[in-house]
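Comments concern the structure below.
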Amino acid sequence: MTQPLDSVATAPVAPSHEWRAARVVTVLTRLGAPVIVLIALVTLYVTSTQADHNVFVYNTFLLMCIGSLALSLLMGTTGQVSAGSAGFLAAGAFSAVWFDRSGMPFVVCALGGALVAAVLGLIVALPAIRLRGLALGLGTIAAHYVIVFVVDKYQQDTPDAGPAGFSLPAVFGLTGTNTQSKWAWLLCGVVTVVILAVSRLASGRTGRALRLIRDQEAIAGTQAVPVTAYKMLAFGASSFLLGLQGALTAYVAGQVSSEQFTLILAIQFLAMVLVGGLDSVFGAVLGAAIFTALPFVMQDAVSAVLGANQASLNGARYAVIVYALLVVVFIVAAPAGLAGLIRRAAGRARTVAERRLRRTVSGQ
Amino acid sequence: MDNVLLAVFGGLPLGATYALIALGLVLVYRTTGTFNLAHGQLMLLGAFVLASWQQHSRGPFVLGLLIGLAVAGIVAVVLYVLVLKRTVGQPHWVAFVATLVLGQLLDAAMSLYFSAPSYVVSIPGMPKGAVAIFGVRVGQSELIIAGIGVLLALVFIAALRYTRLGIQVRAAGQDPVLASQGGIQVRSLYVGSWVVAGILAALAGVLYGSTTVVDSSMSGVALIAIPAMVLGGLDSFEGAVVGGLIVGVIQGFITVYIGGQYVNAATYSFLLVLLLVLPRGLFGTKEVVKI
Amino acid sequence: MSTPEPTEAPVLELDGVGVQFGGNRALADVRAHVHQGEIVAVVGPNGAGKSTLLNAVSGLLRREARGVVRLHGERIDQMSAARRTSRGIGRSFQNPPLIDALTVVENVMVGAFPSRDYGVLGHLLRWRTVARSERKREEQARGVLEFMGLTEIADLETSHVPYGPRKLVDIARALASEPSVLLLDEPTSGLDKNEQATMEQILRRLREGGGISILMVEHHMDLVRNSASRVIGFQAGEVVAQGPTADVLDSDEFRAALVGAVADSRSGGRST
């Protein structure tokens, strides 16, 4: 069985050095290891040089990473769309509030919020996932509005929730002068675990099954891949992570209100992974970074061009226009996102080597 | 009994609007396979243009209406040609995301251009009074709007049924390759269907806007029409009208019996249940499910 | 090319297999068998129901298919496609359903999915087990690729692989599930002369190995003549001839009935 076919085998071509180097890069990127190191270094830099307010902005980026990695797994690796991200964030945040008000410790509240979001995700996905295609997209839009309605009702019916929503107490050990820096390290740890988990699910046996569902769903059955179960897994895992992000965001900010969770936010999540690059840990993190920075950059840009008055009045609208144009350009010209563009640039040396290989293959 | 009638007559004008929205959605879905989630923004655009025409110029209503319809139709085509046409061959959800994002783009651009918080569309000759039907007082203008909406929807369906162009639309949606071999200009049909969908959206926007104020919240109305489209079967024109009217009346009942604040949540819950128990809708063809 | 009729029980046995799509009968009452180590070719004009037969056997048409399918004497016709794969049915497709973003060797490893060393939770937590299992799978996949003469492209991203080798990769994927019966759907369609010769080599190797029995749909009569020991002739969903390759291919009835297929093989075009 392992005996080579003499007449079929072509003259051996030793893979060149560039090609080997590029392959090592590919493997490392897939594991997410460089991204973890990068995030740890940036966290070190930000916490040791920046003021509390800037660290807070950095923390919102780390929080965004959780959801963006979740969506990359769901959309990029499994090929299932969800417009319900904001709803699952809300479910996580408000479940955490509810647990907190029942006197649970922080860890229980955060994980409990994530679990509630995961269960809701599975309930929504079950009918839609069997139908394939658009049904899941439409179902998640519906789920978004239903969840946001429920949390809004909860907020309105709770007497001590003010107009700005619920306030959350400081978490034990995360108080004092450098609260945001302490959060930054905690979140850095959480993001590391999430990167490891997501890149693991997206690699090996499970990853191959998820990508088979994405690219060749019709034959997944013949490969003994349980299509519905794996889609549910991807959807459950991503709602869990979004719920976790929601709960942690509520604690980091110290308060949460139902008004934060708009469909616009859910669309931004979609935009984030599309621009960053799907099915890529690096792309997800890059997307989160871009979309955290964009509002600030746009504020400055609008202020410089149209004046400070316009910036405070309409800055957010210009930011939306820029991000929407960004998404459109990427959809039309570079569907693999920024990560794809970078990969392509980095792999240029490799393509030369590959072309040589290809010539041998097709010439056999 | 009064409450029942109140619910029905309250729901019909909404239902007629949903029917018009769903018709536009079905049209581009059938021809180009795109589920246009920016339809609500096209509604709003048409209404905005007409409203600001009425506010700033003393020109005739009809001219303003035509300009509004034309602008919405042109923008719809621009969306299709510049973006959505180019998502062919990419995963099906790319177009889905693209329309969502384009909707955001239009929303932001419109709120920069039409900077007043709200506008008013008034259809001339609309009576202000109310009439009593079986003892229930119903606004005349609302009845007329329901009538106009249903009439427009029926005219549209008749046109699709009995004109050459309509038959071509149906054929191109069924099998583009076969249709093009049969001498149908598939590409111009696609562009044409986006124009018509934009016009339908603007009509729905004007009708809906005349019952309330025109502001940014209107773009969400098209999303609430999605249950109507799913109930009708996603790809059925007749289904879109029936589904629209049913969803409108259901909302009328929810308003009367449960309370206005529950309307949206209940409608979206209805969509979730619909996807579970009746994914093909009332009139959907079997092929649609495999999207 | 004539092999003596084996005497033991057949590996794959079809009895009264039929397929009905709505009101259309695509396949009627097929009776056929494949013995250990044998290559049986299914020939016939386009639309005769050949691929439908493979779909019925591999379990892709569970709702539409009727009749009895036995593998090693065990009835598999009520099983899901997944269970049939784990029982030993491997399957290639006319249009190779590969995952473009993965490398060739990873695509072959997809075929090893049914053998399960750990669940999803295990995948997250038991890193050593996963690594060991992955190494084993990769080694096995590379073995299959070596057998197929594809070692050179094992680490290429599949999107860069041209059509011909893709078909080989698809067969390698099917072999990675270690099947006892391999169903090949037009293995040489769309291949050039050299690639067809490669395919013939591979079929010969597989037959000489003796462990795998093959049921293949094929349009190229030269390949059928050189590789298959028996032929099943199809027309309009019905078996019109069945027997040793030379007997069937040279019979006048076959020539008359299957003129479409022969013409197709001459043109050498990719059929749909």
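Computed from a predicted model, the values in this text were never measured in an experiment. Residue numbering restarts at 1 for every chain, and letters A, B, ... go by the order of the sequence lines.
- Top candidate by heavy-atom pairs under 4.5 Å with chain A, chosen from B:G103, B:P227, B:S111, is B:S111.
- Between B:Q104 and A:Q268, the closest side-chain pair of non-hydrogen atoms is not below 4.5 Å.
- The interface of residues 312-321 of chain A with chain B, defined by heavy-atom distances below 4.5 Å, comprises A:N314, A:R317, A:Y318, A:V320, A:I321.
- Annotation: side chain of B:F96 is not in contact with side chain of A:L136 (no heavy-atom distance under 4.5 Å).
- Contact annotation for B:L271: only side-chain heavy atoms (C-beta onward) come within less than 4.5 Å of a heavy atom of chain A.
- Among residues 326-341 of chain A, the residues having any heavy atom closer than 4.5 Å to a heavy atom of chain B are, in sequence order, A:V327, A:V328, A:I331, A:V332, A:P335.
- In this structure the side chain of A:I141 reaches within 4.5 angstrom of the side chain of B:L37, judged on heavy atoms.
- For the pair B:V97/A:V81, a side-chain contact is recorded, criterion being any heavy-atom separation below 4.5 Å from C-beta on.
- At a 4.5 Å heavy-atom cutoff, B:V277 makes no contact with chain A through either its backbone or its side chain.
- Nearest heavy-atom pair, A:M75 versus B:W93, reported as atom, atom and distance to 0.1 Å: CE-CZ3, 3.4 Å.
- With respect to chain B, the highest number of heavy-atom pairs below 4.5 Å among A:A324, A:A142, A:A271, A:A143 belongs to A:A142.
- In this structure, no portion of A:I147 lies under 4.5 Å from any heavy atom of chain B.
- The two residues B:S269 and A:V146 make their nearest non-hydrogen contact at OG-CG2, 3.6 Å.
- B:L105 touches chain A through backbone and side chain together, each having a heavy atom under 4.5 Å away.
- Ranked by heavy-atom pairs shorter than 4.5 Å toward chain A, the options B:L272, B:I226, B:L112 are led by B:L112.
- Counting non-hydrogen atoms of other residues, nucleotides and ligands closer than 6.0 Å to CD of B:Q90 gives a total above 12.
- Two residues are said to be in side-chain contact when any heavy atoms from C-beta on lie closer than 4.5 Å; B:L234 and A:L134 fail this criterion.
- Looking at B:Y262, both its backbone and its side chain come within 4.5 Å of chain A, counting heavy atoms on both sides.
- A:Y145 is not listed as a side-chain neighbour of B:N264, based on a closest heavy-atom distance of 4.5 Å or more.
- The candidate with the highest count of non-hydrogen atom pairs below 4.5 Å against chain A, out of B:V83, B:L274, B:L106, is B:V83.
- Proximity to chain A (any heavy atom under 4.5 Å) is restricted, for B:L223, to the side chain, taken from C-beta onward.
- Of all the listed residues (B:D107, B:L82, B:L100), the one sharing the greatest number of non-hydrogen pairs under 4.5 Å with chain A is B:L100.
- Only the side chain of B:L102 comes within contact range of chain A, judged by heavy atoms closer than 4.5 Å.
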